Structures are given as structure tokens and as C-alpha cells.
Amino acid sequence: TVGAVARDAAGRLAAATSTGGMTNKRPGRVGDCPVFGAGTWADQAVAISCTGTGEAFIRAAAAHEISARIRHLGETLEQACARVIGTDVPAAGGRGGLIAVDAAGHAALPFNTEGMYRGAWRAGGRPFIAIHEEAPAGSVP
Amino acid sequence: GWTLAIHGGAGTIPRAALTGGKEAEYRAGLLAALEAGATVLRAGGTAGDAVVEAVRALEDCPLFNAGRGSTFTSDGTIEMDAALMLGEGKAGAVTGVTRPRNPIRAARAVLEGGRHVLLSGAAADAFAAATGLDLAPADYFRTEHRLAQLEAARAQDRVALDHDVPAPARMG
């Protein structure tokens, strides 16, 4: 699964996700990617794209849960992402990771697997690319 | 300023599997996607256009599980899903598509169409064709390494959704 999230210079947020699913999956099986609130979500607070065991991300309403925790509990982006990817998704029987950017332009790239192909870039900065633990799993330099 | 982040999948990624220049190939694919999205944002484009361009680049790279290089179903077919959501509350998605060269552009077409949020299967393929999106034959999406993963899964009689199956076999 691949995905991207962005905050543009005008403050707009967006999330996109695309996938071939799982190897040897049953034809017709749909994972979390096109299920809004599970694998893909964007609102005024945050944009999120997920990757991993799709059924678990659906059960956890993973992407929307992150937004809800930020909006209603006042959690930071990193706190909300850490809770969902570290607790909620595993509790639902899944593994994987996600990328997220909030309204202030903060980014988080957490995962609970051995690695995640990932990258980030901010205006005026340099591109960051990682696969394993080259940088803390939840942060962007 | 703007911020962009991308992912190309998560799972068990043994360092040994990234030898022989493979790691450099993955990093180049990720950088190309960042460049594609950042080019839009640098020019003052929207977050929506940026994420579509970044994902389009990842779909075009056969290393990642989307578009060209997608995983196979148990029937040996390729069925792809894609979704786009904007912070202002607009959304579009497609599931089980087999023909759009870039499924994310089909998702954007659904969003821009405004009448629906999610189209599936043959209807989504037909919508993409009617919208004038680039289509591709089935062979375009197939890669040898994904076929080898399917054959390995079949040989071990793995069921795709068993949670005790190692992630690489399930997710490529």
C-alpha cells in the first residue's frame, strides 16, 4: 500500500492511499484503503493514510480515531498516532503503520512493524527518507 | 509553509532483502514520489493535487504494492483500491479496479464527479474509462516478483487473512 498526506501553503489538508491489497487475497476482498475513516481520512484537523492489516484498521476506525482524539481529547498528533498504532490496531489484530500531518504542518510517521518505507518534506527543508529505524519511528527530522 | 509525507508500505522488511542495490531502488522510488508532490506544493498547488501526484509516482514504480507492481489475488488477477479525501470534506474512492493505469486518478475522478463517494469493480472501471483516464492492459500491472510471491503463498497453502502468516507474504 502506498499513500501521501499534505498540508499546503494555504493550510488545506489532503490524504490519498492506493493499494493492490494482500497477496493471495480472496477476489472481492476490500481492505481499509478505500474505507474512509479506516485507512484514509482528512478533515480540518489532520490528514492520514494507513498501511498494514486492513481488517484491523477497519475494526479500529484507525484514521478517524486519530482525528477524534486530537479534536475531542486535545491530544497532540504524535500522542494520537502513538495510541492508535501502538494500542488500538494491535488490539484489533493488526500490524502496520501510518503517515499523518496536522493543521499546523506537524508530521508523524509511526509504525509497529520492522520497517516502513516512508518519507517527508517540509518547505525550506530537505527530503527525509527512511525504511527501518534510521530516525525515531514517530517523528520527522 | 507546506508539509508532505509519503509511505510505500510497512511490514517485515529484512535488511538482507535490500542488498544488491535494492535499497537504493526503494529510496529512489520514495524520493521521486516526494519530488512529484513537492513540485506541486512549491508552485502553490493544493494539498489534494500534491497527494495525487505523489501517489501517482508510487503507483508507477513497480517496487510498491499499488498500480504497476500490485499484488495478485488467489485467482491470479490484480484488483486495486484507491482513495482521496480533502480536509474540506470531499471524498472519492474506487475498489477492485483492474484497468485505470493510476487508480488514484480514478478516485479523484469520483470525488470530482460529486455524485458518489465510492465505486467498485466493473462500474468503477467503466467510470474511469468514461472519464477519459488512461487505461492499461492487465499485463502492465503484473511483475515477476509479485507473481513469485503468489506462487510461494499458493505452495504453502496460505490463506491471505490468517494473522499468523508473515506480513511479507500477505502484503508483499
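Keep in mind that what you see is a predicted model, and the values were worked out from it rather than measured. Proteins get letters first, then strands, A, B, ... in listed order; numbering begins at 1 in each.
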*Who wins among B/Leu118, B/Leu18, B/Leu86, B/Leu34 for the most heavy-atom pairs under 4.5 Å with chain A?*
B/Leu34
*Could you check which of B/Thr95, B/Asn102, B/Asp75, B/Thr46 has the highest count of heavy-atom pairs closer than 4.5 Å to chain A?*
B/Thr46
*Does atom CZ of B/Arg99 have more than 12 heavy-atom neighbours, drawn from other residues, nucleotides or ligands, at distances under 6.0 Å?*
no
*Can you say whether B/Leu41 sits under 4.5 Å from chain A via the side chain, the backbone, both, or neither, judging by heavy atoms?*
side chain
*If only atom types and distance count, is the side chain of A/Thr113 paired as donor or acceptor with the main-chain N or O of B/Ala10 below 3.5 Å?*
no
*Before giving the answer on side chain to side chain contact (heavy atoms under 4.5 Å, CB included), spell out for B/Arg27 and A/Ile131 the whole-Å C-alpha distance, their side-chain angles and the decisive distance to 0.1 Å.*
CA-CA 8 Å; B/Arg27 288 180 178 275; A/Ile131 299 174; 4.3 Å; yes
*Is B/Asp81 reaching over with its side chain to a backbone N or O of A/Pro34, donor-acceptor style, under 3.5 angstrom?*
no
*Hydrophobic cluster partners of B/Leu135 (side-chain heavy atoms under 4.5 Å)*: none
*Taking heavy atoms only and a threshold strictly under 4.5 Å, list by residue number the residues of residues 9-16 of chain A that touch chain B; give 'none' if the list is empty.*
A/Ala9, A/Arg12, A/Leu13, A/Ala14, A/Ala15, A/Ala16
*asked:* Between B/Ser70, B/Gly9, B/Gly44, who has the most heavy-atom pairs with chain A when the cutoff is under 4.5 Å?
replied: B/Gly9
*When you check the side-chain N and O atoms of B/Thr12 and A/Glu114, is any donor under 3.5 Å from an acceptor?*
no
*Which distance, rounded to the nearest 0.5 Å, do you find between the CD1 of A/Ile129 and the CD of B/Glu23?*
10.5 Å
_For the backbone of B/Gly87 and the side chain of A/Gln44, can you confirm whether one donor and one acceptor N or O come within less than 3.5 Å of each other?_
yes
*Could you tell me which portion of B/Glu35 (side chain, backbone, both or neither) has an atom closer than 4.5 angstrom to a non-hydrogen atom of chain A?*
both
*Between OG1 of B/Thr71 and CG of A/Asn24, what distance do you get to the nearest 0.5 Å?*
9.5 Å
*Measure distances from B/Ile78 to the heavy atoms of chain A and classify the residue's part below 4.5 Å as side chain, backbone, both or neither.*
neither
*Heavy-atom distance under 4.5 Å to chain A: side chain of B/Val117, backbone, both or neither?*
both
*Pick one of side chain, backbone, both or neither for A/Val101, based on which atoms fall under 4.5 Å of a heavy atom in chain B.*
side chain
*Just give me the residue among A/Gly96, A/Gly97, A/Gly125, A/Ser49 that pairs up with chain B most often, heavy atom to heavy atom, under 4.5 Å.*
A/Ser49
*Would you please classify the geometry between the B/Tyr26 ring and the A/Tyr117 ring as parallel, tilted or perpendicular, with 30° and 60° separating the classes?*
parallel
*Short side-chain to backbone donor-acceptor contact, B/His7 and A/Leu109, under 3.5 Å*: no
*Among B/Pro103, B/Ala33, B/Gly96, B/Ala91, which residue forms the greatest number of heavy-atom pairs with chain A at distances under 4.5 Å?*
B/Ala91
_Using a 3.5 Å distance criterion without hydrogens, assess whether the side chain of A/Lys25 forms a donor-acceptor pair with backbone atoms of B/Glu79._
yes
*Evaluate the side chain to side chain contact (heavy atoms under 4.5 Å, CB included) criterion for residues A/Arg118 and B/Leu30: first the C-alpha distance (whole Å), next the side-chain angles of each, then the deciding distance (0.1 Å), finally the verdict.*
CA-CA 7 Å; A/Arg118 62 197 187 279; B/Leu30 293 168; over 6 Å; no
*Do B/Met85 and A/Trp41 come close enough that some side-chain heavy atom pair is under 4.5 Å?*
yes
*Is there side-chain contact between B/Arg146 and A/Thr23, with at least one heavy-atom pair below 4.5 Å?*
no
*May I have the step-by-step check of side chain to side chain contact (heavy atoms under 4.5 Å, CB included) for A/Met22 and B/Phe72, ending in yes or no?*
CA-CA 7 Å; A/Met22 293 177 170; B/Phe72 287 87; over 6 Å; no
_Largest heavy-atom contact set with chain B, pairs under 4.5 Å, which of A/Ala45, A/Cys50, A/Gly31, A/Gly54_ = A/Cys50
*asked:* Would the distance check show the side chain of B/Thr73 and the main-chain N or O of A/Pro27 forming a donor-acceptor pair, the cut-off being under 3.5 Å?
replied: no
_Region of B/Arg108 in contact with chain A, defined by heavy-atom distances below 4.5 Å_ = neither
*Spacing of OG1 belonging to A/Thr17 relative to CD1 belonging to B/Ile104, to within rounding of 0.5 Å*: 7.0 Å
_I need the residue from A/Gly20, A/Ala6, A/Pro127 with the largest number of non-hydrogen atom pairs under 4.5 Å to chain B._
A/Gly20
